[in-house]
Each structure stands twice: as structure tokens, then as C-alpha cells.
Amino acid sequence: MVTVNHTGISHTVFRLLGIPGLEDQHMWISIPFFISYVTALLGNSLLIFIILTKRSLHKPMYLFLCMLAGADIVLSTCTVPQALAIFWFHAGEISLDRCITQLFFIHSTFISESGILLVMAFDRYIAICYPLRYTTILTNSLIGKIGVTIFLRSYGTIFPIIFLLKRLTFCRSNILPHTSCEHIGLAHVSCDDIRVNIWYGFFVLMSTVTLDVMLIFISYMLILHAVFHIPSQEARHKALNTCGSHVCVIILFYGPGIFSVLTQRFGHHISPHIHVLLANVCILAPPMLNPIIYGVKTKQIRDQVTHVLFPKVA
């Protein structure tokens with residue numbers, strides 16, 4: 001991008017428009033946002049409570065699920081309250097520092113979720129391909145180290161973006177046509193050359209989410225290869241069933257994101273509000289539906305939820 005002559009003004013306060021073109025519908029749009037946020041908070045909090053308090057669920061699969069639920073709460077809390085403030089109170093003003101802080105946690109948490117889904121695929125691979133060595137491979141110590149690695153990778157790769165944005169002069173505009181701040185969207189209202197931001201954003205995407213997708217795909221190819229070599233049909237069905245909820249969550253997490261990227265790349269004729277709505281679906285849907293999917297498809301969790309919510313029935 002060619003550098004534009006600075007006017008001497010660098011905006012320190014920006015205005016989030018919400019969903020551009022649908023401002024008169026914000027009150028109605030806020031309803032699914034609010035319902036999804038409450039569902040995400042209640043569902044994921046219940047999931048974390050059950051997994052941490054029930055010793056029978058202190059197993060690698062459920063500990064990784066607990067990490068995913070925690071990341072879901074952070075991701076939805078970083079975005080939905082801000083969107084609801086815009087929809088309900090027209091409170092779209094946000095300072096530059098707060099905007100950068102928000103996008104830092106949104107991007108880093110998204111990468112954390114991707115990393116957790118990858119280690120959950122690794123967990124299923126070990127459980128199916130090396131069942132006798134499962135507990136000796138995935139020890140509590142290793143799980144702790146994996147959690148720290150996921151945290152360091154996500155925050156470490158996004159941290160430089162703070163400085164890449166701080167060096168820019170925002171004299172082009174202070175209007176952001178979105179419900180929340182995001183890296184390239186903020187960089188585009190700068191007057192400076194943002195090629196470094198674009199290339200670093202591309203590097204982060206390729207070295208984290210894209211790499212995770214490839215490794216998850218390889219893991220499931222190895223899992224399917226092992227499953228179809230199991231002689232017993234019942235054992236084969238049981239092995240596939242243990243992966244069912246994880247596969248649903250993977251599709252739910254990556255599917256809308258891939259579709260959103262494709263529409264941004266090739267759908268230039270698509271209205272801006274469609275792009276913003278798709279971006280919000282990427283953030284709203286997984287936190288809301290993940291605990292429901294695991295609650296429905298995982299018997300151990302389903303039984304514990306019933307025991308906690310309906311003790312007399314249990």
C-alpha cells in the first residue's frame with residue numbers, strides 16, 4: 001500500500017459501527033447475540049465445573065475439553081458485550097489502546113482454540129492407535145506442558161501485532177465498520193504502509209491455524225486407517241463414536257472461518273454486512289454449541305450434567 005501524506009492528526013478514539021447497513025435492525029440482531037452469549041457462559045461454566053469437580057472426568061480428553069471451554073468463555077466475552085453495547089446503547093466509541101487490547105485477546109484466543117482442537121485430535125489418535133499406552137503417554141505432566149505451550153504459542157505470535165499497530169498513524173478515518181476490532185481492519189484506516197502488517201498476519205495464519213488444520217487432517221487419516229483395520233465391527237463403531245463430538249466441533253470451528261475467508265477473498269460483490277455477520281458467526285457459534293455437542297454426544301458428561309441439574313432424577 002502506498003504511503004499517504006499525514007495530516008498531522010492520528011486518531012486515538014475510534015467508532016465501531018456494529019453491522020453496517022443494518023443499523024435500524026440492531027435491536028433485533030442483538031437477541032441472538034444475547035442468547036448465544038448467555039448459553040455460552042452457562043454451558044461452558046457448567047462444563048468446567050463438572051470436569052474439575054468430578055474425579056472420574058480427570059482424564060486427558062476431558063481436561064483438554066475443559067481448556068476449550070475456558071477459551072470459549074474468553075472468546076465470547078471479548079466480543080459479545082461490546083457488540084451488545086453498540087446494539088443497545090450506540091456505545092461504539094473505543095480508544096486505540098482498548099481496541100488493540102481487544103483484538104489481541106480475540107486473535108490469540110482463536111489461535112488457542114485451534115491449538116486445543118489439534119491436541120484433542122492427537123488425544124484421539126493415541127487413544128485409538130495406542131490404547132494400552134494411552135495413560136503412560138498422556139500424563140498430567142505432559143498435559144500441563146501442552147497447555148502452557150498452547151498459551152505461549154498463541155500469545156507469542158500475536159504479541160508483535162501490538163507494536164506493528166502502535167507504529168502506525170491513524171489519520172485516514174476513525175470509523176470501523178464492525179462490531180469489534182481486528183488487526184487488518186484497524187490497519188486499513190492508517191495512512192502508513194501496512195505491508196508488514198499484512199505479511200505478518202499471513203505468517204501468523206499459516207504458522208498456526210492453517211498448520212493445525214493440516215495436522216488435524218493427518219491425525220484423522222491415521223485414525224481412520226487404524227479403525228478400518230480393527231476386525232470387530234462393534235469395536236470399530238465404538239472407536240469412531242469417540243471421535244464424533246470432536247469432529248463436529250472441528251467442523252463448527254473451522255467451517256464458518258473458511259467460508260468467511262473465501263467470501264472476503266472472492267465475494268467482492270457481497271454486501272459488507274454479510275462479511276461482518278459471518279465474522280460474528282465464527283465467534284458466536286462455537287462457544288454456544290461446543291458444550292451442547294459434548295453434552296449430547298458424550299455419555300459421561302451427559303450423566304454428570306443430569307446428576308448436577310436433576311439430582312432426584314439421577
Side-chain angles (χ1 to χ4, degrees), residues 1 63-79 82 94 96-123 142-168 170 176 178 180-190 192-219 249-250 252-262 264-265 278-280 282-283 286-287 290:
M1 181 176 290
L63 294 176
F64 291 136
L65 179 56
C66 188
M67 293 181 196
L68 184 68
D72 279 338
I73 290 174
V74 174
L75 185 62
S76 55
T77 301
C78 285
T79 53
Q82 173 72 62
I94 186 169
L96 175 61
D97 289 338
R98 190 169 145 226
C99 189
I100 292 175
T101 301
Q102 184 188 46
L103 69 87
F104 172 79
F105 281 105
I106 291 173
H107 292 329
S108 58
T109 307
F110 192 85
I111 291 172
S112 293
E113 290 217 22
S114 181
I116 294 166
L117 289 176
L118 172 60
V119 296
M120 290 175 82
F122 174 71
D123 167 77
L142 180 60
I143 292 170
K145 290 175 182 176
I146 289 172
V148 171
T149 302
I150 290 170
F151 176 85
L152 291 176
R153 183 188 75 152
S154 58
Y155 286 91
T157 52
I158 298 300
F159 193 70
I161 288 176
I162 295 175
F163 302 99
L164 290 176
L165 288 170
K166 281 285 192 179
R167 72 186 177 88
L168 300 177
F170 300 97
L176 302 176
H178 213 296
S180 59
C181 295
E182 56 97 14
H183 174 211
I184 299 302
L186 181 58
H188 271 307
V189 299
S190 164
D192 298 312
D193 189 331
I194 63 168
R195 279 178 293 186
V196 175
N197 295 69
I198 292 171
W199 281 109
Y200 187 74
F202 181 73
F203 163 75
V204 169
L205 180 66
M206 295 302 294
S207 63
T208 56
V209 177
T210 304
L211 179 62
D212 291 347
V213 171
M214 292 172 59
L215 293 175
I216 289 172
F217 179 77
I218 292 170
S219 296
V249 169
I250 287 172
L252 179 65
F253 182 76
Y254 292 112
I258 293 170
F259 188 67
S260 179
V261 169
L262 290 175
Q264 288 179 8
R265 177 66 182 85
L278 277 173
N280 277 287
C282 297
I283 292 174
N290 285 352

**Request:** Test K166 against D97 for side-chain contact (heavy atoms from CB on, under 4.5 Å), laying out the working first.
**Result:** CA-CA 9 Å; K166 281 285 192 179; D97 289 338; 2.4 Å; yes
**Item:** Audit row: F122, L215, side-chain contact (heavy atoms from CB on, under 4.5 Å) steps and yes/no
**Value:** CA-CA 9 Å; F122 174 71; L215 293 175; over 6 Å; no
**Message:** Set out, in order, the CA-CA distance, both residues' side-chain angles and the distance that settles side-chain contact (heavy atoms from CB on, under 4.5 Å) for I100 and L186, then state yes or no.
**Reply:** CA-CA 9 Å; I100 292 175; L186 181 58; 4.1 Å; yes
**Request:** Evaluate the side-chain contact (heavy atoms from CB on, under 4.5 Å) criterion for residues M120 and I250: first the C-alpha distance (whole Å), next the side-chain angles of each, then the deciding distance (0.1 Å), finally the verdict.
**Result:** CA-CA 10 Å; M120 290 175 82; I250 287 172; over 6 Å; no
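Among all heavy-atom pairs drawn from S219 and A121, the shortest one is CB-CB, 4.2 Å. Contact record, S108 with S154: O-CB, 3.2 Å, taken as the closest heavy-atom pair. Nearest heavy atoms, R167 versus D193: NH2-O, 3.5 Å. Closest of all the heavy-atom pairs between A187 and N197 is CB-ND2, 4.3 Å. Residues N280 and H178 share a closest heavy-atom pair of ND2-CE1, 4.3 Å.
Screening Q82, E182, H107 against Q102 for a side-chain contact (heavy atoms from CB on, under 4.5 Å) leaves a single residue, Q82. For the side-chain contact (heavy atoms from CB on, under 4.5 Å) criterion with C181, the lone passing option out of L176, T79, T101 is L176.
Note: L168 CG to L96 CG = 9.5 Å, rounded to the nearest 0.5 Å. Taking OG1 from T208 and CG from D212, the interatomic distance works out to 6.5 Å, rounded to the nearest 0.5 Å. For the atom pair I94 CD1 and S180 OG, the distance stands at 8.5 Å (nearest 0.5 Å). How far CZ of F163 is from OH of Y200: 11.0 Å, rounded to the nearest 0.5 Å. Taking CG of L117 as the start and CD1 of I216 as the end, the distance is 5.5 Å to the nearest 0.5 Å. If you take CD1 on I158 and NE2 on H183, they are separated by 8.5 Å, rounding to the nearest 0.5 Å.
Side-chain atoms of F64 and I146, non-hydrogen and from C-beta on, do get closer than 4.5 Å to each other. For the pair T149/V119, no side-chain contact is recorded, criterion being any heavy-atom separation below 4.5 Å from C-beta on.
Although no hydrogens or angles enter the test, the distance criterion places no donor-acceptor pair under 3.5 Å between the side chain of T77 and the main chain of V74. Within the 3.5 Å criterion, the main-chain N or O of I150 finds no donor-acceptor partner in the side chain of R153. The closest donor-acceptor contact from the side chain of T109 to the backbone of I106 lies at 3.5 Å or more, if one exists at all. Looking at T210, its side chain does come within 3.5 Å of a backbone N or O of L205 through a donor-acceptor pair.
Between F202 and W199, the ring planes are perpendicular. Angles over 60° get that label, and only those under 30° would be called parallel. The aromatic rings of Y155 and F151 sit tilted, their planes meeting at an angle between 30° and 60°.
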